[in-house]
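All values below come from the heavy atoms of this structure, side chains included, with hydrogens, waters and symmetry mates left out. Below, chain A is the first sequence line, B the second, and so on; all start at residue 1. Everything quoted here is computed from the prediction, not taken from an experiment.
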2 protein chains.
Amino acid sequence: MPEPLLLPVADQPPVERADAARNREALLCAARRLVEERGVGCVTMEAVAAAAGVGKGTVFRRFESREGLMAAVLDFSESAWQASVISGPPPLGPGADPWERLIAFGRSRLETTLVHADLIRAAGATGSRAVGAYSFTAMHVQHLLGQLGVDGDLPVLATALLAPLEIPILEQQMSLGGFPVERLMAGWEDLARRITGR
Amino acid sequence: MPEPLLLPVADQPPVERADAARNREALLCAARRLVEERGVGCVTMEAVAAAAGVGKGTVFRRFESREGLMAAVLDFSESAWQASVISGPPPLGPGADPWERLIAFGRSRLETTLVHADLIRAAGATGSRAVGAYSFTAMHVQHLLGQLGVDGDLPVLATALLAPLEIPILEQQMSLGGFPVERLMAGWEDLARRITGR
DNA sequence: AATAGAAGCGGACCGTGGTCCGTTTAGGCC
DNA sequence: GGCCTAAACGGACCACGGTCCGCTTCTATT
């Protein structure tokens, strides 16, 4: 019976061939290096391809688009940060009381977002960053709000609380409004206080 | 005395030559038309130039960049909206009590933002839209918050209240979160209630 | 009306993101 | 090991945003 010779065991992820995986790694590596030493804006797809010793087509096959590649690069630091939220030391990690965790979360998120601003912008709304980062932060904040006894539409409230920490809004406030970071942080804490009804 | 022949009377705006103004108008017109009939994504700078009967260079000289051009196109509807906030009928315009105005503002802003979503995205953070729209909405909300007796860092609070109405955040919620518009609006109202301490 | 010089113009040109397709290669099966 | 097919590859190619520079046109001044 000429059934599909390579039976699709786990359906969704059609497993990556060995050379493909190797290339993905090499590309990611090269991209990371180039971004670090030249800045996001000066890294072209062709340069990444060359640095990894592959053709340009390969970059796009592995990462879909520039945004996709940048998202992948970003994922690196992002996962580290997520880990420190999930299992790092308090007050960011578990152990502190919810309110302190929330404040620590806000400050930490604000800081890392600013640090990776360029990369985040370059990653656009695509790739795992968008969906991954968003759902993680949203879930976490939602959880903390729950612990703090907030009632209402938690998913939406969480998003509202996260919104001022997103790049586009931060940029607005810093460049157009001219607010210093410290003021933004204080403002965010105030917002959290009002939302949680403290 | 070879002083500057064209004395710089009002300093900043070096006045536009007649033909330049004509071209600007023609370009804006063409851009508006093309955007309407093909959608933002399918309008190239070259097409706009051709439709207006000028060279590509001219488009860029008048509008700086694609973002700049799109911002200019957007300005059209944006000003109309601003006018209806400043001097239109209540509850959006003056006359209603601050709370009702605030709610009407939120709903109206949400709606118009969604209607022009593509254009806003294409206009990026550049041009008059960004600075103009931002400062207008921020000022207005700030003003209403003041009237409602809110105390605290009003400029920052206003931004926080506006953030969930910005395209990137709306997109997150709608596409990733899957929330329907009505829920977002309800959530925003709730947020406003908490911020104003109602 | 003539002049001069700044402002505007156009379109060839460039760099980059993204696509396409003929060729190569991995790796399951006999 | 040899075969065979799907997957992966590479780099020529395309489209579009943006720049540049030699030429044209406007307009203030006389």
Side-chain angles (χ1 to χ4, degrees), chain A residues 1-9 13-27 30-31 34-35 38-73 121-124 126-127, chain B residues 1-9 13-27 30-31 34-35 38-73 121-124 126-127:
Chain A
M1 274 319 69
E3 279 290 297
L5 295 178
L6 201 43
L7 64 165
V9 230
V15 276
E16 201 162 62
R17 233 166 66 174
D19 52 344
R22 222 173 15 248
N23 282 338
R24 149 170 273 118
E25 212 47 45
L27 283 166
L34 289 180
V35 164
R38 296 192 199 171
V40 179
C42 298
V43 175
T44 75
M45 296 302 265
E46 214 146 11
V48 174
V54 304
K56 192 167 41 154
T58 302
V59 191
F60 284 91
R61 190 160 333 90
R62 283 309 114 203
F63 295 96
E64 188 85 356
S65 67
R66 188 185 151 86
E67 296 198 346
L69 176 60
M70 294 310 177
V73 170
R121 233 172 290 129
T126 331
Chain B
M1 272 325 62
E3 277 291 295
L5 294 180
L6 201 44
L7 67 164
V9 231
V15 275
E16 200 162 64
R17 233 166 66 175
D19 53 344
R22 223 172 16 246
N23 282 338
R24 151 170 271 119
E25 211 50 42
L27 282 166
L34 289 181
V35 164
R38 297 192 199 171
V40 180
C42 297
V43 175
T44 76
M45 296 303 265
E46 213 146 12
V48 174
V54 305
K56 187 161 58 147
T58 301
V59 191
F60 284 91
R61 189 159 333 91
R62 287 304 117 205
F63 295 97
E64 187 86 356
S65 67
R66 188 186 149 87
E67 295 198 346
L69 177 59
M70 293 312 177
V73 170
R121 233 173 289 128
T126 331

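In terms of heavy atoms, A/R66 sits closest to A/F60 at N-CE2, 4.4 Å. Minimum heavy-atom separation, B/A49 to B/L27: CA-CD2, 4.2 Å.
A/R24 meets the salt bridge (Lys or Arg N to Asp or Glu O under 4.0 Å) test with A/E16; sequence neighbours excluded. Residues passing the side-chain contact (heavy atoms from CB on, under 4.5 Å) test with B/R17 are B/D19, B/A20, sequence neighbours excluded. Residues passing the side-chain contact (heavy atoms from CB on, under 4.5 Å) test with A/A26 are A/A52, sequence neighbours excluded.
Counting to the nearest Å, the P atom of C/dG17 and the CZ atom of A/R62 are 19 Å from each other. Atom CZ in A/F63 sits roughly 16 Å away from atom P in C/dT19 (whole-Å rounding). Regarding A/L69, its CG atom lies at a distance of 14 Å from the C1' atom of C/dT16, rounded to whole Å. Atom CD of A/E25 is separated from atom P of D/dA8 by 16 Å (rounded to the nearest Å).
Two residues, A/E16 and B/D19, neighbour DNA chain D, and the one matched to the more 5' nucleotide by heavy-atom proximity is A/E16.
Between the side chain of A/R17 and the base of D/dA7 there is at least one donor-acceptor pair of N/O atoms closer than 3.5 Å.
Pairs of residues two or more places apart, or lying in two chains, never qualify as side chain to side chain donor-acceptor pair (under 3.5 Å) while including a residue from residues 42-57 of chain A.
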In 5'-to-3' order, the base (B), backbone-only (S) or no-contact (-) status of each nucleotide in nucleotides 11-23 of chain D, using a 4.0 angstrom heavy-atom cut-off, is B----SBBB----
